[in-house]
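Owing to the predicted nature of the structure, the values given are computational and were not obtained by experimental measurement.
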Amino acid sequence: MKNSEIIFVFVILMVISFSIVPTSFAWHSAINLPKSITPVSSESSNSNKLDSEGPLTRPTFGLDHENNIKKVDYGFKLNGKKFSLSDNFHTPFVEQSINIGEKNVFEATVFSEKGLHVQEFLFGIPNVGDAHLAELGIEVWFNNNGDIEEIRAIQETDVIDAENILATHEKVKCRSNNAEKECDSTSISVTFLEPLKDNIMAIKAIDYKNRYQITYLNEGIDLSGKSLNPMQSVIIPSPARNEDPIKITQTEKYGVLWTTEDGRIFERNTFGSFRQIIDSFERFHDSGEPRTRNHSEFGKLIKYEEYRGYNIFNATSLESELPETFAYSFPEENQRINDEVKEKMLEQEKMAQKIIEDTNVQQRFSNINS
């Protein structure tokens with residue numbers, strides 16, 4: 001390598017090192033400076049102040065986060081019915097019944113010091129604290145001017161008619177005696193098409209500092225009515241021999257019963273397999289008097305006659321005195337063969353011996369003559 005090339009490489013390395021080291025050194029110096037001599041700008045001071053006040057300035061649907069004083073009169077409304085929220089996290093809330101297929105209006109009123117960015121309505125929550133498991137979430141997004149920018153429906157199935165959600169927003173007084181309209185009131189009009197698995201619901205507000213507040217309405221809503229969506233269908237092997245796979249349809253969204261077109265019923269277990277439910281057989285009731293045992297009421301006739309006999313004569317009190325009906329006492333061997341029996345046996349033996357001898361004599365005589 002020529003000297004000019006070596007010099008050129010050295011200059012390039014020096015330029016790279018000077019462009020990196022000062023930044024790295026400055027970063028380490030800022031970390032290691034004692035707190036008393038660390039330079040603090042007015043901008044960083046303001047950001048630290050905002051961070052320390054963050055938990056106290058996040059949105060609220062009811063109480064002030066700093067002193068628990070009522071901040072909003074009615075944080076939630078359902079179909080015009082007002083509810084005052086007594087706790088920022090979860091609040092007692094009597095379960096509200098609404099019908100599938102009818103429009104319902106949900107309204108949330110929130111005080112958001114840093115501006116309302118997103119207002120959410122969450123439905124079908126299994127437990128208080130599990131808002132992330134909500135079956136349905138409706139989000140209303142706002143721009144910097146407070147105008148509705150977008151409406152989003154988060155759902156795995158068509159719980160609601162997402163295409164026909166109506167949302168409105170207005171600035172209102174947080175409390176009736178306030179002079180200024182400092183609260184944001186957001187309402188949505190939705191139609192449920194099918195039931196929810198869980199009833200708990202929640203409202204959630206996010207401000208422009210990404211601080212949020214979730215307030216759970218403990219008992220939530222109860223949806224009544226039949227689902228307007230088609231039920232799920234699957235193809236399964238038939239339990240009948242030599243039958244093709246059959247199609248079964250779920251009777252309810254969260255039910256365990258499925259039916260076929262010909263009326264057979266199947267039950268689905270927790271493992272996802274199906275078992276046919278065999279209905280119990282109920283015999284047809286015959287008409288007329290039960291004169292034969294083939295009549296459906298013949299058993300009742302037998303019971304009636306037993307009852308009549310019992311009233312005529314009850315032998316229950318005599319059962320302990322009477323012997324068993326078919327009892328038989330077998331004699332001992334020495335009782336069965338006595339002297340008299342032995343004598344008769346000997347006589348029979350002699351008679352049998354004589355018969356055998358006469359038979360042999362006749363046989364020999366027949367052979368001689370032949």
Short side-chain donor-acceptor distance under 3.5 Å, [Y] and [X]:
X: Asp158; Y: Asn229; answer: no
X: Ser233; Y: Thr249; answer: yes
X: Glu107; Y: Thr186; answer: no

Main chain of [Y], side chain of [X]: is a donor-acceptor contact present, judged purely on distance under 3.5 Å?
X: Ser185; Y: Lys171; result: no
X: Thr260; Y: Arg264; result: yes
X: Asn99; Y: Gly225; result: no
X: Asn143; Y: Gly146; result: yes
X: Glu139; Y: Gly137; result: no
X: Ser189; Y: Leu166; result: no
X: Asn104; Y: Glu102; result: yes

Discussion item. I'd like to know whether Ser97 forms a side chain to side chain donor-acceptor pair (under 3.5 Å) with Ser224, so could you lay out the CA-CA distance, the side-chain angles of the two residues, the decisive distance to 0.1 Å, and finally the verdict.
Written reply: CA-CA 7 Å; Ser97 297; Ser224 58; over 6 Å; no

Practice prompt. Let me see the working for Met201 and Leu122 under side-chain contact (heavy atoms from CB on, under 4.5 Å), right down to the final yes or no.
Written response: CA-CA 5 Å; Met201 68 166 295; Leu122 305 170; 6.0 Å; no

Mind checking the [atom1]-[atom2] spacing from [X] to [Y]? Nearest 0.5 Å is all I need.
X: Leu133; Y: Asn127; atom1: CG; atom2: CG; answer: 8.5 Å
X: Gln155; Y: Leu196; atom1: CD; atom2: CG; answer: 10.0 Å
X: Leu217; Y: Leu78; atom1: CG; atom2: CG; answer: 9.5 Å
X: Glu66; Y: Lys71; atom1: CD; atom2: NZ; answer: 9.5 Å
X: Lys77; Y: Ser84; atom1: NZ; atom2: OG; answer: 11.5 Å
X: Asp184; Y: Thr109; atom1: CG; atom2: OG1; answer: 9.0 Å

Using the rule that two of Ile, Leu, Val, Met, Phe, Trp, Tyr join whenever any of their side-chain heavy atoms come within less than 4.5 Å, decide whether [X] and [Y] are in one cluster.
X: Val190; Y: Ile200; value: no
X: Ile214; Y: Val128; value: yes
X: Ile203; Y: Phe83; value: yes
X: Phe89; Y: Leu63; value: no
X: Val105; Y: Ile165; value: no

Find out whether [X] and [Y] are in side-chain contact, i.e. whether some heavy atom of one side chain is under 4.5 Å from a heavy atom of the other.
X: Trp258; Y: Ile265; answer: no
X: Ile98; Y: Asp222; answer: no
X: Gln353; Y: Lys350; answer: no
X: Val110; Y: Leu116; answer: yes
X: Phe106; Y: Ile138; answer: no
X: Arg275; Y: Asn269; answer: no
X: Ile160; Y: Glu194; answer: no
X: Ile125; Y: Asn199; answer: no

Worksheet item: Using the benzene-type ring in the case of Trp, are the ring centres of Phe123 and Phe192 under 6.0 Å apart?
Response: yes

Worksheet item: How about Phe142 and His117: are their ring centres within less than 6.0 Å of each other?
Response: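 No, ring centres 6.0 Å or more apart.
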
Might you confirm whether atom [atom1] of [X] has over 12 heavy atoms from other residues, nucleotides or ligands at distances under 6.0 Å?
X: Lys70; atom1: NZ; answer: yes
X: Glu343; atom1: CD; answer: no
X: Glu305; atom1: CD; answer: yes
X: Tyr304; atom1: OH; answer: no
X: Lys181; atom1: NZ; answer: no

Worksheet item: Quick one: is the NZ or CZ of Lys82 closer than 6.0 Å to the six-membered ring centre of Tyr74, and within 45° of its axis?
Response: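 Judged by the rule (NZ or CZ under 6.0 Å from the ring centre, within 45° of its axis), Lys82 counts as positioned above Tyr74.
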
Discussion item. Against the six-membered ring of Tyr212, is Lys204 placed for a cation-pi contact (under 6.0 Å from the centre, within 45° of the normal)?
Written reply: yes

Over all heavy atoms of both residues, which pair between [X] and [Y] is shortest? Give the atoms and the distance, please.
X: Ser238; Y: Ile246; result: CB-CG2, 4.0 Å
X: Thr359; Y: Ile355; result: OG1-O, 2.8 Å
X: Asp130; Y: Tyr216; result: N-OH, 3.5 Å
X: Gly220; Y: Phe93; result: O-CE2, 3.4 Å
X: Ala167; Y: Ile188; result: CB-CG2, 4.1 Å

Worksheet entry | side-chain contact (heavy atoms from CB on, under 4.5 Å) assessment of Gln213 paired with Asn88 | CA-CA 8 Å; Gln213 175 63 44; Asn88 285 332; 3.9 Å; yes

Fill in: Stepwise side-chain contact (heavy atoms from CB on, under 4.5 Å) check, Glu135 with Glu156
CA-CA 7 Å; Glu135 189 173 349; Glu156 292 187 2; over 6 Å; no

Before accepting this row, confirm whether a basic side-chain N of the pair [X]/[Y] lies closer than 4.0 Å to the acidic partner's carboxylate O.
X: Arg175; Y: Glu180; value: no
X: Arg152; Y: Glu150; value: yes
X: Arg58; Y: Asp207; value: no

Worksheet item: Other hydrophobic cluster members with Phe111, side-chain heavy atoms of Ile/Leu/Val/Met/Phe/Trp/Tyr under 4.5 Å, chained?
Response: Val72

Discussion item. Please determine whether side-chain contact (heavy atoms from CB on, under 4.5 Å) holds for the pair Ile248 and Val234, giving the CA-CA distance in whole Å, both sets of side-chain angles, and the decisive distance to 0.1 Å.
Written reply: CA-CA 6 Å; Ile248 58 176; Val234 296; 3.6 Å; yes

